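These notes are about the structure you will find just below.
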Amino acid sequence: MGNEEARIIAVANEKGGVGKTVTVVNLGAALCQERKSVLIVDMDPQFNATRGLGVELKGEMPTVYHLIKGDESIKAPDTIVKTKWHGLDLIPSHVDLAGAEVELVDEIGRENKLKDALDDINNAYDFILLDTPPSLSLLTVNVLAYATEVLVPCQTHPYAYAALEELFDTILTIKKNINPHLSVIGVLATLFDTRTRVSHSILEKLKNDDRYGPLLFETVIRVNTTIAESAGVGKPVIFYRQNSYGSMDYTDLAKELMSKHSA
Ligand SMILES: Nc1ncnc2c1ncn2[C@@H]1O[C@H](COP(=O)(O)OP(=O)(O)O)[C@@H](O)[C@H]1O
Ligand SMILES: [Mg+2]
């Protein structure tokens, strides 16, 4: 385990289906393979990251929901689950998390619940990766209030490209009003289909864009059916099929991220 403060990275995009969850699970596993200690926090009520790591939710298991609710009897370490892979831990999500928005509506400091709960464990990991739901809900605001870096997956598709502007404006608003330490560490081109013209044209647009171009990761995540397959069996692709494109791309991303620090 690391003894410096963790790099706390939110994987966020208000659009669904752009590869957020797949990136959290597989980047986490690739960093773990590079001998980094990693904690994944699943903040999406659909708990796909939890499932993707092969963790089954059981009845009264403490989850991130209890942390968000500020349940005094449950502390962050109580919610940490060890996955099958050494050095890769998880704070699972819970379906009830969807209701947290309403439950917290009158609470003071409700956007800092996650930060308050996790502040003590920051130095126990090298990386903390946070998965977010596909909306700018209070859950996402909690993640962005706690993180210091945002990684933005962008599907190489016209709609996803167009949606980036709103996301960047949201990040700026949060930086201004809630979390001055927040910055975008990079934009990640995902679901890149080498055979289609549209994938190539959106990647070109991203590269040449004044705002996103300088932030674009060199690593591009290609479409790879092994990724979807591995999620189905609750394993990161790197531990499922080491020599797949998915495994190679996320390993490249892990290495690039390790060499890249926010300005
Ligand atoms: N590189 C990829 N190759 C193939 N399928 C992918 C890839 N990335 C994501 N997927 C699939 O696309 C869908 C959306 O990805 P997901 O990570 O769940 O998006 P989000 O979390 O942004 O909603 C999922 O079914 C996932 O398995
Ligand atoms: Mg998701």
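What you are looking at is a predicted structure, and each value in this text was computed from that prediction instead of being measured. One-based numbering, in listed order, for ligands and for the atoms of each.
Here's the thing with Lys15: none of its N/O atoms is less than 3.5 angstrom from an N/O atom of ligand 1. Checked by distance only, ligand 1 and Asn48 stay at 3.5 Å or farther apart across all their nitrogen or oxygen atoms. The N/O atoms of Thr225, backbone and side chain alike, include none that comes under 3.5 Å of an N/O atom in ligand 1.
Under 4.0 Å from ligand 1, the heavy atoms of Ile221 that appear belong solely to its side chain. Of all the heavy atoms of Val22, the ones lying under 4.0 Å from any atom of ligand 1 are found in both the backbone and the side chain.
Other residues, nucleotides and ligands contribute at most 12 non-hydrogen atoms within 6.0 Å of the OH atom of Tyr245. Surrounding CD of Glu166 are at most 12 heavy atoms belonging to other residues, nucleotides or ligands under 6.0 Å away. For NZ of Lys84, the number of neighbouring non-hydrogen atoms (other residues, nucleotides, ligands) closer than 6.0 Å is greater than 12. Residue His181 places its NE2 atom among 12 or fewer non-hydrogen atoms of other residues, nucleotides or ligands, all under 6.0 Å distant. Atom CD of Glu204 has more than 12 neighbouring heavy atoms from other residues, nucleotides or ligands inside a 6.0 Å radius.
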In sequence, state the C-alpha distance, the side-chain angles, and the governing distance for Asp209 and Leu164, and then conclude on side-chain contact (heavy atoms from CB on, under 4.5 Å).
CA-CA 11 Å; Asp209 189 285; Leu164 279 184; over 6 Å; no
Quick one: do Thr21 and Asn48 satisfy side-chain hydrogen bond (donor to acceptor under 3.5 Å, both in side chains)? Show the steps, please.
CA-CA 7 Å; Thr21 302; Asn48 290 330; 5.0 Å; no
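Taking the ring centre of Phe217 as origin, the terminal cationic atom of Lys260 falls inside the region bounded by 6.0 Å and 45° from the ring axis.
In this structure, atom 23 (O) of ligand 1 has protein heavy atoms in its sub-4.0 angstrom surroundings. Within a 4.0 Å radius of atom 11 (C) of ligand 1, the protein has no heavy atom.
Nearest to atom 5 (N) of ligand 1 by heavy atom, out of Leu191, Thr21, Val25, Val24, is Leu191. Remark: among candidates Ala228, Gly52, Ser230, the nearest residue to atom 27 (O) of ligand 1 is Ala228, based on non-hydrogen atoms.
The ligand atoms of ligand 1 that sit less than 4.0 angstrom from a heavy atom of Asn224 are 2 (C), 3 (N), 4 (C). Close approach of ligand 1 to Gly16 is summarised as follows: ligand atoms under 4.0 Å from at least one heavy atom of the residue are 23 (O). The contact set between ligand 1 and Arg222, taken as ligand atoms under 4.0 Å from a residue heavy atom, comprises 1 (N), 2 (C), 3 (N). Those atoms of ligand 1 with a heavy atom of Val18 less than 4.0 angstrom away are 19 (O), 20 (P), 22 (O).
Residue Gly19 places a heavy atom less than 4.0 Å from ligand 1. Ligand 1 has no atom lying under 4.0 Å from any heavy atom of Gly246.
At least one side-chain heavy atom of Lys36 sits less than 4.5 Å from a side-chain heavy atom of Met258.
Atom 14 (C) of ligand 1 has its closest protein heavy atom at Gly17 CA, 3.8 Å.
Scanning both residues, Ala189 and Leu216, for their nearest heavy atoms gives N-CD1, 4.4 Å.
In summary, Thr21 places an N/O/S atom under 2.8 Å from the Mg ion (ligand 2), meeting the contact criterion.
Taken to the nearest 0.5 Å, the SG atom of Cys154 stands 8.5 Å off from the OH atom of Tyr212.
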